[in-house]
Amino acid sequence: MTVRTNYDFWSKVSVLKIWEVASIIQGIDPRAITTTGVVVNAYGDPPDLSDEIRMLSSAVRSKDIASIPAEASSPDGDTDITAASLIPWLRLHSYIDEADGLEGTRTPPSNMIGPVLPAIGVAPAPPAIVGASATPPIAAIPVAATPQSAPALGLPDPERRLARLRDLGGWVGKVRGKWKTKGVSQLIAAEAAEGRKRRSDKTVRADVINAAENEAAALASGRCAPLFPGVVPKSP
C-alpha cells in the first residue's frame with residue numbers, strides 16, 4: 001500500500017531525520033514505513049530512498065541544510081536536520097508541494113477556488129539540478145493552456161490528464177534520467193470532484209508520464225504532438 005504524507009502532523013515537527021525527508025519527497029508518510037513495514041511507492045515498488053538520502057546528506061555537508069548537532073561530519077539517513085533550513089532548500093530545488101506541506105501553507109484540495117495557470121505559452125520551470133556534472137533535465141514542453149482546455153480536448157485519459165495537470169500549474173519532466181511529476185495531488189482531487197474512475201496515485205502518475213513520453217517522442221521525430229494542435233512539425 002501507499003500511505004500519503006500527513007502534512008497536518010509533519011508541519012508541526014521542527015526536527016526531522018534525513019530518511020524521513022527522503023520518504024516525504026517520494027510522497028510516502030515516514031510513519032508508514034516504521035509502523036506497517038509493507039509500503040510501496042507511487043509505481044507499486046518498495047521505496048528506495050538512497051538517492052534522496054545522498055542528495056540531502058550532501059546538502060548538510062555543504063551547510064545548505066542545518067543539522068543537529070551543527071557539525072555533522074558524516075551525515076546519513078539518521079542525521080537530524082531542522083525544518084527551518086530544509087523548507088527554503090526544498091523551494092530552491094522545486095519541491096514546492098513538500099515545502100508548502102512542511103510549512104503548513106498547503107491549501108486543501110476541497111478549498112480550491114480554481115486552477116492556477118502558468119503563463120500562456122510558458123512551461124513551468126523544471127527542478128534545479130545541483131552540480132555542474134549533473135545531467136540537465138528535459139524541460140516541460142510549453143503549452144497554451146486555458147481552464148477549459150483539458151476537458152475540451154476529447155483526448156484519452158493519459159493525454160487529457162497531462163493537459164489538465166498543466167492547467168493546474170503542475171509539471172512533468174525528466175530529472176537525472178527519471179520521470180518526475182509535480183502537482184499530481186491537485187490533479188487527483190480534480191478527478192475525484194468530477195467523479196472520474198482510475199484515479200489512484202499510481203494510475204494517474206503512470207498516465208501523465210506515459211503521455212509525456214509519447215509527446216516527447218512525437219516532437220523529437222518532427223510530428224505534431226496531440227496536445228499541440230498549433231505546433232508546426234519540423235521540416236525533414
Side-chain angles (χ1 to χ4, degrees), residues 1-106 125-137 170-186 201-202 205 209:
M1 64 177 177
T2 300
V3 182
R4 298 180 64 79
T5 303
N6 180 355
Y7 285 110
D8 184 58
F9 169 80
W10 289 102
S11 63
K12 299 177 177 68
V13 178
S14 299
V15 177
L16 303 90
K17 293 190 178 296
I18 283 180
W19 77 263
E20 291 175 333
V21 179
S23 179
I24 289 172
I25 288 175
Q26 287 206 8
I28 301 172
D29 194 303
R31 293 174 298 173
I33 294 179
T34 57
T35 58
T36 67
V38 185
V39 179
V40 296
N41 61 20
Y43 303 98
D45 302 318
D48 179 0
L49 307 180
S50 58
D51 285 349
E52 287 79 7
I53 288 175
R54 180 179 181 184
M55 177 174 63
L56 292 160
S57 296
S58 69
V60 171
R61 283 194 295 272
S62 64
K63 302 189 184 304
D64 292 326
I65 297 177
S67 64
I68 297 178
E71 298 300 327
S73 57
S74 300
D76 56 22
D78 288 322
T79 299
D80 291 322
I81 57 179
T82 67
S85 66
L86 171 65
I87 291 170
W89 184 91
L90 288 171
R91 293 194 188 284
L92 177 64
H93 296 280
S94 298
Y95 293 107
I96 306 302
D97 286 352
E98 293 78 4
D100 286 349
L102 292 175
E103 197 170 38
T105 58
R106 168 177 292 203
I129 303 297
V130 179
S133 61
T135 302
W171 176 89
V172 58
K174 266 190 176 180
V175 179
R176 299 188 183 93
K178 296 182 179 180
W179 284 98
K180 300 289 185 180
T181 61
K182 288 293 176 184
V184 168
S185 58
Q186 288 88 338
D201 185 272
K202 177 182 177 182
R205 287 181 190 274
I209 289 174

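Quick caveat: nothing in here was measured; it's all calculated off a predicted structure.
The shortest non-hydrogen separation linking I53 to A22 is CG1-CB, 3.9 Å. Across all their heavy atoms, L102 and L90 have their closest contact at CD1-CD1, 3.8 Å. For the residue pair S67 and P69, the shortest heavy atom distance occurs at OG-O, 2.7 Å. Across all non-hydrogen atoms, the minimal contact from S11 to G101 is CB-O, 3.3 Å.
Side-chain contact check for W10 versus L16: some heavy-atom pair is nearer than 4.5 Å. At least one side-chain heavy atom of Q186 sits less than 4.5 Å from a side-chain heavy atom of D97. Side-chain contact between T79 and L56 is absent, with no heavy atoms from C-beta onward closer than 4.5 Å. Within the 4.5 Å cutoff, no side-chain heavy atoms of T181 are placed close to those of W171. A heavy-atom distance below 4.5 Å is found between the side chains of E98 and Y7.
I81 contributes atom CD1, which lies 12.5 Å from atom OG of S14 (distance to the nearest 0.5 angstrom). For the atom pair NZ of K178 and CD1 of I209, the computed distance is 12.0 Å after rounding to the nearest 0.5 Å. Rounding to the nearest 0.5 Å gives a distance of 4.0 Å between CD1 of I25 and CE of M55.
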- Task: Take W19 and E52 through the side-chain contact (heavy atoms from CB on, under 4.5 Å) test and state the conclusion after the steps.
- Result: CA-CA 8 Å; W19 77 263; E52 287 79 7; over 6 Å; no
- Query: Run the side-chain contact (heavy atoms from CB on, under 4.5 Å) check on R205 and W179 step by step: do they pass?
  - Reply: CA-CA 10 Å; R205 287 181 190 274; W179 284 98; over 6 Å; no
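Residue pairs meeting the salt bridge (Lys or Arg N to Asp or Glu O under 4.0 Å) criterion with at least one partner in residues 57-67, sequence neighbours excluded, are K63-E71. Residue pairs meeting the salt bridge (Lys or Arg N to Asp or Glu O under 4.0 Å) criterion with at least one member in residues 10-23, sequence neighbours excluded, are D8-K12, K17-D80.
Evaluated for a side chain to side chain contact (heavy atoms under 4.5 Å, CB included) with I18, the options V60, L49, L86, I65 yield exactly one hit, V60.
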